Each structure stands twice: as structure tokens, then as C-alpha cells.
Colleague: 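Questions regarding the structure given below will be posed in turn.
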Amino acid sequence: MDNARFADQLASGCSALGVTVGEDVGPRLQRLMAELLKWNAKVNLTAITAPEEVLEKHFLDSLAVLPEVTGATTLLDLGAGAGFPGLPLKLVLPTLGVTLVDAVGKKVAFIKAAAASLGMTGVRGLHARAEGKPETEGIPRAQVLIARAFMDLPDWLALAPAYVEEGGRVVAMLGKAQTDAELQARAAERNLRVVSARSYRLPFSGAERQVAVFAKG
């Protein structure tokens, strides 16, 4: 994918999702893609390797939740995989402190290498398995906790509160949308409340997505 096509696809995708990114973001996302595909040729980071799909299903999928994350000072991405959504969100929100956690060492190694290559500060890659005990795991709490298809929603809401600062938010990036009643029921099981929920589609494939935000108490 040449530079002009990447820029056009990014712009049209962001427009379709209703998000805005700075002019510097496109070239940096292209560098992130180059790093991802270079590493992926040696170690298995992602099954998505076509540049157009990386742009939509990793980058735009990550940027779709900008409205839910904007305004926070710290973000914890659990089960970050190769760095999504944390790395693209950090590129758009440079003052955001981001910790990306994954249980697979090679994925964390990529996150660290990519952040260094892009000169990103305030990014930490952490090789750990989140099991609900952040102190012993060495995982910091954050204002916003996010995960993208990390685990089923009931399991995620059981695990998540331990990693959120008081007054913080839990953001769940889901595939097929759940009804308001389902979300309310899941939240009530864990003494959480639903702050917001919205459904959308990825701009090129039309794949269904939903992002739901929960708060403690």
C-alpha cells in the first residue's frame, strides 16, 4: 500500500467512524505497520497481514474507541497482543500514559521495539498474566482499563475492577452487540454500572463492533 492510498484510507475510515486524528498520525501508523509486518515474518504476532486489513482491523478498530478514552491520563491495555488498541491510541493521544500487558513474551518484545522505533515515551510493555492480583503481578492500575476481544464479557467484568483506579472506567471492545438489558445484567453481577454503549461497523468490511463502558459502584 503506497503512502497516498494509506493516507486516503485512513482519512476515509476515520471520517466514517467519526474520529479525528492529527496529520502526524498517518505516517507514524505506517511505520508501525512496517514494524508489525517485519516482525510478523519472523514471529507470529497476528494472522492479519494484508496492509488494508491491518489498517482497518487493527488501526481503525483501535481508533474507533477514541471517544471513550479521550480525557484519561492513564490507560491499561490487558491482553494487548501486538499492541492494539493501546499503541494507535497512544499515537493520537501523546500525553496518555499507556501500559500494555500480554502473557506472550514475543508480543511484549514487539510492543517495546515498536514504541522505541517510533520514539514513543510514556509507553510500557509488560510481560504478565492478569489474574486479578495487580500488586503481585506488577500491573499498575489505571484511569481507563481496556481490552479488545480479550475474553468473554462476564469473565472480563469479573477480572477488570481490580485494575481500575477509584472513579475509573472499564472499556470493553466487543464483536456482536449485546442488548442494553444484557449489559445491565452483566454489570450488576459485578457491582458495576453501564456508563455508555454504542454499536458501529468497521468502515470497509462492515464488521460489527460494540464498545461498552462500565464504572465501579
Side-chain angles (χ1 to χ4, degrees), residues 6 10 21-22 24-51 53-66 68-70 72-131 133-134 136-151 156 159-160 162-165 168 170-173 211:
F6 185 96
L10 177 64
V21 302
D24 64 319
V25 171
R28 302 190 82 196
L29 283 173
Q30 277 189 284
R31 287 177 56 194
L32 178 58
M33 181 187 290
E35 286 290 314
L36 177 68
L37 296 179
K38 182 177 73 176
W39 270 65
N40 206 63
K42 301 174 184 175
V43 295
N44 182 28
L45 299 173
T46 173
I48 297 170
T49 57
E53 287 195 79
V54 172
L55 174 57
E56 182 188 40
K57 295 179 180 176
H58 283 325
F59 295 171
L60 289 170
D61 195 26
S62 296
L63 298 179
V65 299
L66 271 168
E68 283 72 24
V69 172
T70 299
T73 57
T74 54
L75 176 78
L76 176 60
D77 183 353
L78 282 188
F84 308 111
L87 290 181
L89 291 172
K90 172 66 176 178
L91 287 176
V92 180
L93 304 170
T95 62
L96 183 66
V98 178
T99 302
L100 302 105
V101 179
D102 202 88
V104 180
K106 63 187 178 183
K107 294 183 178 180
V108 176
F110 167 74
I111 289 168
K112 292 178 177 179
S117 175
L118 287 159
M120 299 167 72
T121 58
V123 176
R124 181 184 178 199
L126 192 59
H127 182 206
R129 186 177 298 278
E131 296 178 333
K133 300 175 181 177
T136 58
E137 295 156 357
I139 299 175
R141 291 181 175 87
Q143 281 187 352
V144 173
L145 173 67
I146 198 164
R148 184 179 74 145
F150 178 41
M151 53 178 61
W156 171 233
L159 180 70
Y163 298 91
V164 182
E165 292 177 358
V170 176
V171 179
M173 298 175 68
V211 55

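A quick note: this is a predicted structure, and the numbers were derived from the prediction, not measured.
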Colleague: What distance do Glu165 atom CD and Leu145 atom CG have between them, rounded to the nearest 0.5 Å?
Modeller: 11.0 Å

Colleague: Identify the heavy atoms of Leu87 and Ala82 that sit nearest to each other, and give their distance.
Modeller: CD1-O, 4.0 Å

Colleague: Shortest non-hydrogen contact from Gly86 to Leu100?
Modeller: CA-CD2, 3.7 Å

Colleague: As a quick check of understanding, evaluate side chain to side chain contact (heavy atoms under 4.5 Å, CB included) for Leu29 and Leu63, giving each step before the final call.
Modeller: CA-CA 11 Å; Leu29 283 173; Leu63 298 179; 4.2 Å; yes

Colleague: Give me the atom names and distance for the closest heavy-atom approach of Met173 to Pro85.
Modeller: SD-CG, 3.7 Å

Colleague: Please test Lys133 against Glu131 for side chain to side chain contact (heavy atoms under 4.5 Å, CB included), starting from the C-alpha separation and ending with a verdict.
Modeller: CA-CA 6 Å; Lys133 300 175 181 177; Glu131 296 178 333; 5.8 Å; no

Colleague: Going by the ring-ring contact (aromatic ring centres under 6.0 Å, His included) test, which pairs reach into residues 89-129, not counting sequence neighbours?
Modeller: Trp39-Phe110

Colleague: With heavy-atom distances below 4.5 Å as the criterion, would you say the side chains of Asn40 and Thr46 are in contact?
Modeller: yes

Colleague: Does the side chain of Asp61 reach to within under 4.5 Å of the side chain of Phe84, using non-hydrogen atoms?
Modeller: no

Colleague: Sequence neighbours excluded, which residues qualify as side chain to side chain contact (heavy atoms under 4.5 Å, CB included) partners of Lys38?
Modeller: Glu35

Colleague: Quick one: closest heavy-atom pair of Arg124 and Gly138, and the distance?
Modeller: NH2-O, 3.9 Å

Colleague: Between CD of Gln30 and CG of Leu55, what distance do you get to the nearest 0.5 Å?
Modeller: 9.0 Å

Colleague: Any chance you could measure Thr73, atom OG1, to Leu93, atom CG, to the nearest 0.5 Å?
Modeller: 11.5 Å

Colleague: Could you report the tightest heavy-atom contact between Ile111 and Gly81, atom names first, then the distance?
Modeller: CD1-O, 3.5 Å

Colleague: What's the verdict on side chain to side chain contact (heavy atoms under 4.5 Å, CB included) for Leu66 and Val21, showing C-alpha distance, side-chain angles and the deciding distance?
Modeller: CA-CA 10 Å; Leu66 271 168; Val21 302; 4.3 Å; yes

Colleague: Tell me if a side-chain donor or acceptor on Thr74 pairs with a main-chain N or O of Gln143 at a distance below 3.5 Å.
Modeller: yes

Colleague: Answer yes or no: is there a side-chain heavy-atom contact under 4.5 Å between Ile48 and Glu56?
Modeller: no

Colleague: Let's go through Arg148 and His58 carefully: what are the C-alpha distance in whole Å and the side-chain angles of both, what is the deciding distance for side chain to side chain contact (heavy atoms under 4.5 Å, CB included) to 0.1 Å, and is it a yes or a no?
Modeller: CA-CA 10 Å; Arg148 184 179 74 145; His58 283 325; 2.9 Å; yes

Colleague: Within the 4.5 Å heavy-atom criterion, are Leu10 and Phe59 side-chain neighbours or not?
Modeller: no

Colleague: Would you say that Leu91 contacts Met120 through its side chain, given a criterion of any heavy-atom pair below 4.5 Å between the two side chains?
Modeller: yes

Colleague: Find the distance between CG (Leu60) and CD (Glu53) and round it off to the nearest 0.5 Å.
Modeller: 12.5 Å

Colleague: Are side-chain heavy atoms of Ile146 and Val65 found at a separation under 4.5 Å?
Modeller: yes

Colleague: Is the side chain of Asp102 donor-acceptor paired with the backbone N or O of Val108 at a distance under 3.5 Å, no angle test?
Modeller: no

Colleague: Hey, does the side chain of Lys107 reach the backbone of Gly83 with a donor-acceptor pair shorter than 3.5 angstrom?
Modeller: no

Colleague: Just verifying a value: how many Å separate Phe150 CZ and Asp77 CG, rounded to the nearest 0.5 Å?
Modeller: 9.5 Å

Colleague: Kindly compute the distance separating CG (Leu118) from CZ (Arg31), expressed to the nearest 0.5 Å.
Modeller: 4.5 Å

Colleague: Quick one: closest heavy-atom pair of Ala142 and Leu75, and the distance?
Modeller: CB-C, 3.9 Å

